[in-house]
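Okay, structure first, notes after.
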Amino acid sequence: QKEVEQNSGPLSVPEGAIASLNCTYSDRGSQSFFWYRQYSGKSPELIMSIYSNGDKEDGRFTAQLNKASQYVSLLIRDSQPSDSATYLCAVSFQGAQKLVFGQGTRLTINP
Amino acid sequence: DTEVTQTPKHLVMGMTNKKSLKCEQHMGHRAMYWYKQKAKKPPELMFVYSYEKLSINESVPSRFSPECPNSSLLNLHLHALQPEDSALYLCASSQPGAASPLHFGNGTRLTVT
């Protein structure tokens, strides 16, 4: 059973602070990792993709991947109230053309 | 603006009705997906089409019937649904292959009465 684990939260962060979201996965052979943001009642929106160990930065977002620890994270710098949403970690398992999603972490940014 | 368009946005149907959900993508992708999402749960894969052929069926009940008429279109035919099938139905597309991220449409909110 391929599994992706996230802390469901809720995670509360003050405005302007760094929000840190974490995800672990079960299959050591996984190659592709994605973070999606989903506002209530809306569809998931791709924020970041990461394929290699290390950090990948895009604006206020940084994805971090550690394949040895089977761990992927998302940092949001200078958090804004508009970042309040559910963040879904998704992993593409080796040999399968499908994404497995974690349960999602509900993030609230407090003004 | 999403390049994956789903219609209708909302659908209410009775348990004896037949209806269809439609999805169209203009991204040149050759893989298309149907996901089902219940409240406060992650999306759950139903079907994958790759190069217009069904490649994954996640043991979905036969009251859901997918169809991929061409590389841009994906339909989900619904018949004799149950109230527990009420959910947000999401269409997505990508290039084939595990490395390609999915791009989702806005979804169809389905209510079965």
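When reading the values below, keep in mind they use all heavy atoms of this one structure, side chains included, and skip hydrogens, waters and symmetry mates. Every chain is numbered from 1, with letters handed out A, B, ... down the list of sequences.
Nearest heavy atom pair, residue B:P43 against residue A:L88, reads CD-CD1, 4.0 Å. A:G41 and B:R109 get closest at one heavy-atom pair: CA-NH2, 4.0 Å. Between A:F34 and B:P101, the closest heavy-atom pair is CE2-CB, 3.5 Å. Between B:H103 and A:L46, the shortest heavy-atom distance links the atoms CE1-CD2, 4.4 Å. Between B:P42 and A:F101, the closest heavy-atom pair is CB-CB, 3.8 Å.
Heavy atoms of B:E44 lying under 4.5 Å from chain A are absent altogether. Residue contact with chain B, scored on non-hydrogen atoms closer than 4.5 Å, is absent for A:F33. Proximity to chain A (any heavy atom under 4.5 Å) is shown, for B:Q6, by neither the backbone nor the side chain.
Heavy-atom proximity under 4.5 angstrom to chain A picks out B:L45, B:V48, B:S50 from residues 45-52 of chain B.
For the set A:E45, A:Q38, A:Q6, the count of heavy-atom pairs under 4.5 angstrom toward chain B peaks at A:Q38. Contact tally against chain A (heavy-atom pairs below 4.5 Å) for B:S55, B:A99, B:G107: the top residue is B:A99.
One hydrophobic cluster holds both A:V4 and A:I47 under the rule that ILVMFWY side chains link at heavy-atom gaps under 4.5 Å. Using a 4.5 Å cut-off between side-chain heavy atoms of Ile, Leu, Val, Met, Phe, Trp and Tyr, with links allowed through other members, B:L11 and B:V4 fall into different hydrophobic clusters. Cluster annotation: B:M15 is connected to B:L76 through the hydrophobic network of ILVMFWY side chains, with a link wherever side-chain heavy atoms come within less than 4.5 Å. Under the 4.5 Å side-chain heavy-atom criterion for grouping Ile, Leu, Val, Met, Phe, Trp and Tyr, A:I50 is connected to A:V100 within one hydrophobic cluster. The hydrophobic cluster containing B:F104 does not contain B:L74, counting ILVMFWY residues as joined when their side-chain heavy atoms lie under 4.5 angstrom apart, directly or transitively.
Once rounded to the nearest 0.5 Å, the distance linking CG of B:L102 with OG of A:S43 reads 11.5 Å.
Enclosure of atom NZ in B:K38 by more than 12 non-hydrogen atoms of other residues, nucleotides or ligands within 6.0 angstrom is indicated. Heavy atoms from other residues, nucleotides or ligands lying under 6.0 Å from CZ of A:R106 number 12 at most. Applying the 6.0 Å contact sphere to NZ of A:K67 captures more than 12 heavy atoms from other residues, nucleotides or ligands.
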